[in-house]
Amino acid sequence: MLWKNTYNEFVKILAKPRSYIGLAALTLLILIILFAMKADGRMYISFVTASFEQTLSFNGNILNGNLIAFIVLQMLIVHIPLLVALVTGDLLSGEAAMGTLRMLLTKPISRSQVVYSKLIAAAVYTLILVVWMGFLALIVGRWVFGTGDLIVLNSDGLVILNYADILWRYGLAFLVAYLALMTIATLSIAFSAFADNSIGPIVSTMAVIILFTIIGSLDVSVFDYIKPWLFTTHMASWRSFFNDPVPWKAIWESVWILLAHNVVFVSLAIFQFKRKDITS
Amino acid sequence: MKFFFLFTVLFSAWLNYAQDPNELVQSVRLKLEKVKDYTSDVHIKALVPMIKIDEVDAKVLYKQPNQMKVESKGIAILPKQGLGELNQFLSNEKAYTCALNGSKMIGDVKTAVVSVLPLTENSDVILVKLWIDPVKDLILKSQITSKTNGTLDVNYYYGSQAKYGLPYKMVFTIDVKKFKLPKSVAADLHQHKKKPKTNEGSQTGTIILQFTNYKVNQGISDAVFKSN
């Protein structure tokens, strides 16, 4: 019953026009970035290497598909949460707003399973977004710009990764980025369990992301104890795969914190949904 | 006695002739000018502060007077000056004047230290110091100080291509200006774990080039240097 309901939930997601907004926006944004890089990518590169170019010259194909994929990931990982929340924030509250929640609960399925099925459907949708982003950024990027070594700018300097040593990093980076986006999905589902309208959970999710991001970027010592526990701090942990050596300990720490957030948010959603008074 | 006197005069004259800095530089220049073009495989090892890069294999192409190209499948870091610029600078003998600054041992070779000063005011090069092996007419070490690139030290090691003045190994010691980017630009997640501060100001890096498979004066088309 869980899987059948999950299938139904996924069909519901596909039936909503807003589900395609995310894919369309993602496609458009990535195509714009690819066009901009093709037109004036050298300028972007010189911004990265400017500090060294008085003394050193960088030879080879710097502006390649691997770098484009990295730029795309870095630029879009901030905006994709909105696209995820747009769909997942509506999953429970949308049913309440439309008055279909009571009918849904007449099925021989527990309330927990309803939340689980919506969660799995949200996970599949988020996965499609990430895979689509990966396809456009990495596959199309490599097709347009070719392949080559990846030059990554960190606060400590430049890391230049050999082209043969990059694909596994992207694979794991997309996995961690997916986990980060799943945190957004579970947060919005948790908010969705509390609300009876579609907009509230979406706006609340974005408000939390903005608030946590601002706290994370403020260089004030009073927040130093909070920052490591905010999920927004760990949303960029995919980037650590492009350090040399890879800070595995820090990445695992981020993964555990993101997983813990996921568990807390899902538990909160189930707890609230189980005790929710269905009046519509 | 007369013979001894004559020998002493001739020998000292020869010594003075040999140690004439302009003649020394000209000898080096003439040797370098024998190379109309060359290609070579090069293995690049860059040990530069704040840059982490694996060793890279590339191909160097050169054609007189000043065409130089580095072909590399991956990203290769090279010093901005010193690969072909020194030869280019020395090729115009009217653009500089030379002064002898004594001698210095490099390994077991007694080198003549020559300062080369540009005569043009708008030259980017401020001073070039050359450590020249006067017997083989080879530059064993150079120090180029320029307005834009600071000071660049290069050590040269010669093998089978010494007759053309082409080294099998070059070791560049470069000034790397301290660079630091804002956290928002680098978006470095784990930067909240503060790292110990490194020394401010200039730092030095080393780039080692090892040349193999030289092909000298076999002709290279100009079109090769135009294509990307």
Side-chain angles (χ1 to χ4, degrees), chain A residues 45 47-62 64 67 73-75 77-78 146-165 176 216-217 219 223-224 227-228 232-240 243-245 247 249-251 253-254, chain B residues 42 44 46 48-56 58-60 68-83 85 146-152 172-195 198 202-205 207 228:
Chain A
I45 300 299
F47 169 73
V48 172
T49 57
S51 303
F52 284 102
E53 278 192 316
Q54 280 194 337
T55 317
L56 303 169
S57 72
F58 291 80
N59 301 273
N61 181 21
I62 298 175
N64 57 59
L67 179 65
L73 253 173
Q74 184 151 289
M75 282 183 178
I77 209 72
V78 183
T147 186
D149 292 353
L150 174 63
I151 189 163
V152 177
L153 182 66
N154 290 326
S155 54
D156 297 332
L158 294 176
V159 178
I160 297 163
L161 300 166
N162 190 287
Y163 67 94
D165 189 35
V176 171
S217 59
D219 223 352
F223 293 135
D224 283 355
K227 283 179 193 175
T232 45
T233 307
H234 302 277
M235 282 187 70
S237 57
W238 63 270
R239 212 180 182 284
S240 303
N243 284 348
D244 191 27
K249 193 169 173 256
I251 290 172
E253 197 179 290
S254 294
Chain B
V42 61
I44 305 163
V48 182
M50 291 167 285
I51 295 183
K52 208 155 199 179
I53 184 169
D54 287 344
E55 295 177 23
V56 178
K59 189 177 181 181
V60 179
M68 183 150 247
K69 189 180 181 183
V70 178
E71 288 179 346
S72 167
K73 197 174 179 185
I75 296 171
I77 291 179
L78 290 168
K80 200 148 191 178
Q81 276 194 333
L83 208 57
E85 286 79 1
S146 64
K147 289 172 192 166
T148 53
N149 300 326
T151 302
L152 174 75
F172 294 81
T173 307
I174 50 169
D175 267 349
V176 179
K177 289 179 179 63
K178 176 78 182 163
F179 97 127
K180 186 81 179 167
L181 289 151
K183 189 180 172 185
S184 57
V185 172
D188 199 351
L189 167 70
H190 298 113
Q191 212 194 355
H192 63 268
K193 292 166 185 171
K194 284 171 184 151
K195 292 173 184 171
T198 51
S202 94
Q203 299 180 23
T204 57
I207 297 176
N228 281 322

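First the proteins, then the strands, lettered A, B, ... as listed; each starts at 1.
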To the nearest 0.5 angstrom, please state how far the CG atom of Asn162(A) sits from the NZ atom of Lys73(B). 9.5 Å

If I take atom CD1 from residue Ile53(B) and atom CD1 from residue Ile151(A), how far apart are they, to the nearest 0.5 angstrom? 7.5 Å

Any Leu56(A) side-chain heavy atom under 4.5 Å of Ile51(B) side chain: yes

Answer with side chain, backbone, both or neither: which region of Val56(B) has an atom nearer than 4.5 Å to a non-hydrogen atom of chain A? neither

Do you know which of Ser72(B), Ala58(B), Gly74(B) has the most heavy-atom pairs with chain A at a distance under 4.5 angstrom? Gly74(B)

Considering only heavy atoms, which portion of Tyr163(A) lies under 4.5 Å from any heavy atom of chain B: side chain, backbone, both, or neither? side chain

Between Gly205(B), Pro79(B), Ser146(B), which residue shows the highest count of heavy-atom pairs closer than 4.5 Å to chain A? Pro79(B)

State which residues pass side chain to side chain donor-acceptor pair (under 3.5 Å) with Asn61(A); sequence neighbours excluded, sorted by chain then number. none

Using a cut-off of 6.0 Å, state whether more than 12 heavy atoms not belonging to Lys249(A) lie near its atom NZ. no

So for Leu152(B), is it side chain, backbone, both, or neither that comes closer than 4.5 Å to the heavy atoms of chain A? neither

Considering all heavy atoms of both residues, which atom of Ile75(B) and which atom of Asp149(A) are nearest to each other, and what is their separation? N-OD2, 2.8 Å

Could you tell me whether the side chain of Ile160(A) reaches within less than 4.5 Å of the side chain of Ile77(B), counting heavy atoms only? yes

